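For the numbers below, each heavy atom of this structure counts, side chains included, while hydrogens, waters and symmetry mates do not. In this text the structure is predicted, and so the values were computed from the model without any measurement.
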Amino acid sequence: MRDYVFIEGGLQLTFRVFDGGRVALTYFGADTGAEECPGGREVGESGEKFDGTGMSPVEIALSGSGFIGHHGGKKTRGAASEALRFSGLEDFSDAGHRHVVLKTESEELYAEIHYVFFGGTARTYSAVRAKKTVTAEYISSLNLPVLFEAKEKRCYEDIRWFVPHNSWHGEAQWRDYSLSQLGLTGCHDNCTLKRIYFCNTGSWSSKEYLPAGFLTDGGGKWCNWQIEANGSWYAEVGGGKDRIYCTLSGPTFAESGWRITLRPGERFETVKAAVTFGADIEDCVKKMTEYRRSCFAVYPADAALPAQYNGYMHANWEMPQTERLLAQIDRTAELGLPYFVVDAGWFCKGDRDFWPILGDWLHPEEPFSMPLKEIFDRARGKGLKCGLWIEIEDVGAECAALPRLASMLMKRDGVPVCENDRYFLDFSLRETQEYATAVIDFLVEKYGVGYFKIDYNTDCISGGNADAESFGEGLLRHNRAYLAWLRGIREKYPNLLIEGCASGGLRSDYATLYECALGNISDQVHYDRVPYIVSNAAAYLVPEHTGVWAYPREGASAEEIRMNFVNAAFFRLQLSGALDKMDEAQMREIREGVAFCESLRDFRRHATAFFPLGFCKFFDETVAYGYRSGEKAYLAVYHLGGAKRKEIPLSFRGGARVAYPAAGGAAVDFSDGVLTVLFQGERDACIVELRGEI
């Protein structure tokens, strides 16, 4: 036997290769202090016979062989992965990152398992190349055969999974469960058929869950993972003999109708996953945030992290009007915001529901009393850059352009895929990509657009099979082609900014987010419910790449306006609301809020989140979370009910002051490890600045 040990960025990866060539992933986690052995070291026989069965670094199931043993629905011991034998290792630098590749093979295929280290986080994926014709039904992106030990039955009570439930208007709702609460117990000495799994099927990648999670053994060991898939994905935790495993992947045969046939020489690569290990949630969040920051596409026009005004929320909604837009342009320029964005409804005359006719982007019917280009010229004359909302991936069932687009539609057995009275364009087709590029070309040339908010308000539950053998593979090809198209647009228009949105946060996956300058967090319309979203999302989203609405409503009180800006303060400000109908007192509040948000631009580039009260739930009376960088930190504190006196435990030595609002609202005191915030209003919020050892 021989062990291969790789240590990088505080992580340790250990493979054991047995005499017959079987490979076991015996350890992947925080560095244990072992000696690094990329070239391997001999290992003596242990007292207990162990040959690595069931501990493959990758799980692969093929049609005709499936999984081995009494497994139920669990994705463990794929016959194809159990047959793999060691054939080599590569260890090299890849764009400044250490890249370890484990090479294995069997009579049917070659399999490579990739680990790319980004500091304290590893990106993982698998690649399979066929020797014989095979049909794959499951291939893991990350397989952890031994996430935690499970030698004691009580471990099923101690080990907890933090699950990020997600929904329209209710994004990023973390809930933690013991394995026992989810039904996994030590009821059998060797294994159980119970699996705990969360997954997505369809093109709204986060309609029910964010593709991420935290797991802890309850004794100080934490794991944080994500799946970088803009469609279907799968995450499973289960129990084996004396161990808890975790396996992550993109689409699967059983859950999302995916399979792919590979002929000799053909290759398939899984979606990416990422994993880190730490001492607690905040340690994991820091490492994962640093990793995510390093992966975003570079947008030259985004270097200054510009804010914007978009009048959709509580102002224009889906019926923008000329006079209001002109007045909003004046207010946007007065506030010094660099971008002015016109949202949905700019392309359709009348007050009819535009969703059934959506999609004729080359022939927009503007509803304005003057051409939109002239409205934008007015904005540009005041130093603003202009943006438009589009939804380019689907077409309304009554769209006038539908006959011209028929050949580009996603189809199942020749029938166009339809959901919610909309058809889907298939981006795996070159014709579709060329058409979508022509739309961008037209809008950039006609209107001088420098910003696109690309929305996606319907879900393609399963893909087409026009050029794929399975619906799941059809959707995967479409999803990957869409991301490639976004990259092409970015290269063609380097000064363009692209915002990703899908009914708010229903496509908040990092395959999509990495390709955008920023993503939209939520469509939540109640400003005093937004705190329950942004505070929890801080554990997943990167602040400088996340847009958050601040939408003072007509007639808003000072407290309401302030809470809106506390909501957006740590993120990218997407100002909305009825600016054109605000009085001078309201505008003073708005000017202060905008100025404070903009003052944090450099801070948010490097800040990571902390959670002194843990994750919150909707309608909690007190919410608190913050960001820190170096010796400075800011804490958002919300009074959403109950006593006006809020006490927040903090582990730091230093001073505290109210940073926003500048006057009134709240008073603070810090002593004996407790920050006390005393609010004046009935529903209010503030930002507290903390300085010292944090």
*Parallel under 30°, tilted from 30 to 60°, perpendicular over 60°: which one fits the rings of Tyr291 and Tyr514?*
perpendicular
*Indicate yes or no: at least one non-hydrogen side-chain atom of Glu560 is less than 4.5 angstrom from one of Arg683.*
no
*Sidechain-backbone polar pair: Arg572 side chain, Pro306 backbone, donor-acceptor under 3.5 Å*: yes
*Has the side chain of Thr546 got a donor or acceptor atom that lies under 3.5 Å from a matching backbone atom of Gly519?*
no
*asked:* Is it the case that the side chain of Ser206 and the backbone of Leu506 share a donor-acceptor pair, with hydrogens and angles ignored and the cut-off at 3.5 Å?
replied: yes
Output a table of donor-acceptor pairs, distance under 3.5 Å, between side-chain atoms of residues 529-541 and any protein atom two or more places apart or on a different chain; print 'none' if there are none.
{"unit_1": "Tyr532", "atom_1": "OH", "unit_2": "Phe619", "atom_2": "N", "d": "3.4"}
{"unit_1": "Tyr532", "atom_1": "OH", "unit_2": "Asp620", "atom_2": "O", "d": "2.7"}
{"unit_1": "Ser535", "atom_1": "OG", "unit_2": "Pro531", "atom_2": "O", "d": "2.7"}
{"unit_1": "Asn536", "atom_1": "OD1", "unit_2": "Cys616", "atom_2": "N", "d": "3.1"}
{"unit_1": "Asn536", "atom_1": "ND2", "unit_2": "Ala172", "atom_2": "O", "d": "3.2"}
{"unit_1": "Asn536", "atom_1": "ND2", "unit_2": "Tyr532", "atom_2": "O", "d": "3.2"}
{"unit_1": "Asn536", "atom_1": "ND2", "unit_2": "Cys616", "atom_2": "O", "d": "3.1"}
{"unit_1": "Tyr540", "atom_1": "OH", "unit_2": "Ser508", "atom_2": "O", "d": "2.6"}

*Apply the test side-chain contact (heavy atoms from CB on, under 4.5 Å) to residues Phe118 and Cys295: give CA-CA distance (whole Å), side-chain angles for both, the deciding distance (0.1 Å), then the verdict.*
CA-CA 10 Å; Phe118 292 71; Cys295 296; 4.1 Å; yes
*Mind listing the closest non-hydrogen atom pair of Gln524 and His169 along with its distance?*
NE2-O, 2.8 Å
_Taking side chain to side chain contact (heavy atoms under 4.5 Å, CB included) as the criterion, tell me which of Val444, Ile392, Leu497, Ile489 meets it with Phe452._
Val444
*OH-NZ distance between Tyr339 and Lys385, expressed to the nearest 0.5 angstrom*: 4.0 Å
*Calculate, to the nearest 0.5 Å, the distance between atoms CD1 and CH2 belonging to Ile440 and Trp361 respectively.*
9.5 Å
*Mark yes when over 12 heavy atoms from residues, nucleotides or ligands other than Lys349 sit less than 6.0 Å from its NZ; otherwise mark no.*
no
*Is a side-chain donor-acceptor pair under 3.5 Å present for Gln226 with Tyr510?*
no
_Quick one, Phe610 and Leu635 - any side-chain contact, counting heavy atoms below 4.5 Å?_
yes
*asked:* Within the supplied structure, the quantity of interest is the number of heavy atoms (other residues, nucleotides, ligands) at a distance under 6.0 Å from Arg380 CZ; does it exceed 12?
replied: yes
*Tell me, do Phe354 and Pro367 make a side-chain contact under 4.5 Å, heavy atoms counted?*
no
*Does the side chain of Arg293 reach to within under 4.5 Å of the side chain of Glu544, using non-hydrogen atoms?*
yes
_Using every non-hydrogen atom in the two residues, find where Met370 and Ile375 come nearest and quote the distance to one decimal._
CG-CG1, 3.7 Å
*asked:* What verdict does the ring-ring contact (aromatic ring centres under 6.0 Å, His included) test give for Trp222 and Phe277, after you've listed the backbone C-alpha separation in whole Å, the side-chain angles of each residue and the deciding distance to 0.1 Å?
replied: CA-CA 6 Å; Trp222 287 77; Phe277 303 89; over 10 Å; no
*Is there side-chain contact between Val623 and Leu613, with heavy atoms separated by less than 4.5 Å?*
no
*Give the minimum heavy-atom separation between His545 and Ala517, together with the two atoms involved.*
ND1-O, 2.9 Å
*Would you say Arg331's side chain and Leu579's backbone share a donor-acceptor pair under 3.5 angstrom?*
yes
*Would you please name every residue forming a side-chain contact (heavy atoms from CB on, under 4.5 Å) with Asp583, sequence neighbours left out?*
Ala585, Gln586
*Within the distance-only criterion (no hydrogens, no angle test), does the side chain of Gln181 pair as donor or acceptor with the backbone N or O of Ser178 below 3.5 angstrom?*
yes
*Walk me through it: do Asp330 and Lys382 pass the test salt bridge (Lys or Arg N to Asp or Glu O under 4.0 Å)?*
CA-CA 8 Å; Asp330 291 340; Lys382 292 179 177 291; 3.4 Å; yes
_Run the side-chain contact (heavy atoms from CB on, under 4.5 Å) test on Thr121 and Arg123 for me, step by step, so that the C-alpha distance in whole Å, both residues' side-chain angles and the decisive distance to 0.1 Å come before the verdict._
CA-CA 7 Å; Thr121 300; Arg123 170 181 280 177; over 6 Å; no
*Which atom of Ser205 lies closest to which atom of Ala229, heavy atoms considered*: CB-O, 3.6 Å
*Do Val341 and Tyr312 touch side chain to side chain, with heavy atoms closer than 4.5 Å?*
no
*Under the side-chain hydrogen bond (donor to acceptor under 3.5 Å, both in side chains) criterion, do Asn567 and Tyr638 qualify, and how do the steps go?*
CA-CA 10 Å; Asn567 291 341; Tyr638 292 89; 2.9 Å; yes
*Is the centre of the Trp346 ring less than 6.0 Å from the centre of the Tyr447 ring?*
yes
*asked:* Show the nearest heavy-atom pair for residues Gly278 and Asp283, with the distance to one decimal.
replied: CA-OD2, 3.2 Å
_Ser503: which of Thr458, Asn457, Asn520, Asp523 passes side chain to side chain donor-acceptor pair (under 3.5 Å)_ = Asn457
*Going through the checks in order, is the ring-ring contact (aromatic ring centres under 6.0 Å, His included) test met by Phe198 and Trp161?*
CA-CA 11 Å; Phe198 298 96; Trp161 190 347; 5.0 Å; yes
*asked:* As an exercise, state the distance from CG of Asp343 to SG of Cys501, rounded to the nearest 0.5 Å.
replied: 8.0 Å
*Side chain of Arg691, backbone of Gly655: donor and acceptor closer than 3.5 Å?*
no
*Is the closest side-chain heavy-atom distance between Val525 and His314 below 4.5 Å?*
yes
_Looking at Arg657 and Glu689, would you say the former's side chain and the latter's main chain have a donor-acceptor pair under 3.5 Å?_
no
*Kindly assign one of parallel, tilted or perpendicular to the pair Phe214 and Phe162, based on the angle between their ring planes and the thresholds 30° and 60°.*
perpendicular
*Which pair of non-hydrogen atoms, one from Gly120 and one from Lys287, has the smallest distance, and what is that distance?*
O-CD, 4.1 Å
*Look only at the side chain of Arg601 and the backbone of Ala304, and say whether a donor-acceptor pair between them is shorter than 3.5 Å.*
yes
*Would you please test Asn230 and Glu515 for side-chain hydrogen bond (donor to acceptor under 3.5 Å, both in side chains) and show each step?*
CA-CA 11 Å; Asn230 61 326; Glu515 301 298 339; over 6 Å; no
*On the 0 to 90° scale, with breaks at 30° and 60°, tag the Phe603-Tyr634 ring pair as parallel, tilted or perpendicular.*
perpendicular
*Is there side-chain contact between Asp509 and Asn200, with at least one heavy-atom pair below 4.5 Å?*
no
_Between Thr289 and Thr608, does the side-chain hydrogen bond (donor to acceptor under 3.5 Å, both in side chains) criterion hold? Intermediate values first, please._
CA-CA 7 Å; Thr289 301; Thr608 57; over 6 Å; no
*Measure up the Tyr660 and Phe565 rings against each other and bin them: parallel (under 30°), tilted (30 to 60°), perpendicular (over 60°).*
perpendicular
*Decide yes or no on salt bridge (Lys or Arg N to Asp or Glu O under 4.0 Å) for Lys286 and Glu290, but give the supporting numbers first.*
CA-CA 6 Å; Lys286 182 178 187 294; Glu290 291 169 349; 2.8 Å; yes
_Can you confirm whether more than 12 heavy atoms, excluding those of Arg591, are under 6.0 Å from its CZ atom?_
yes
*Has the side chain of Glu554 got a donor or acceptor atom that lies under 3.5 Å from a matching backbone atom of Lys581?*
no
*Rounded distance (nearest 0.5 Å) linking atom OG1 of Thr322 with atom CD of Glu366*: 9.0 Å
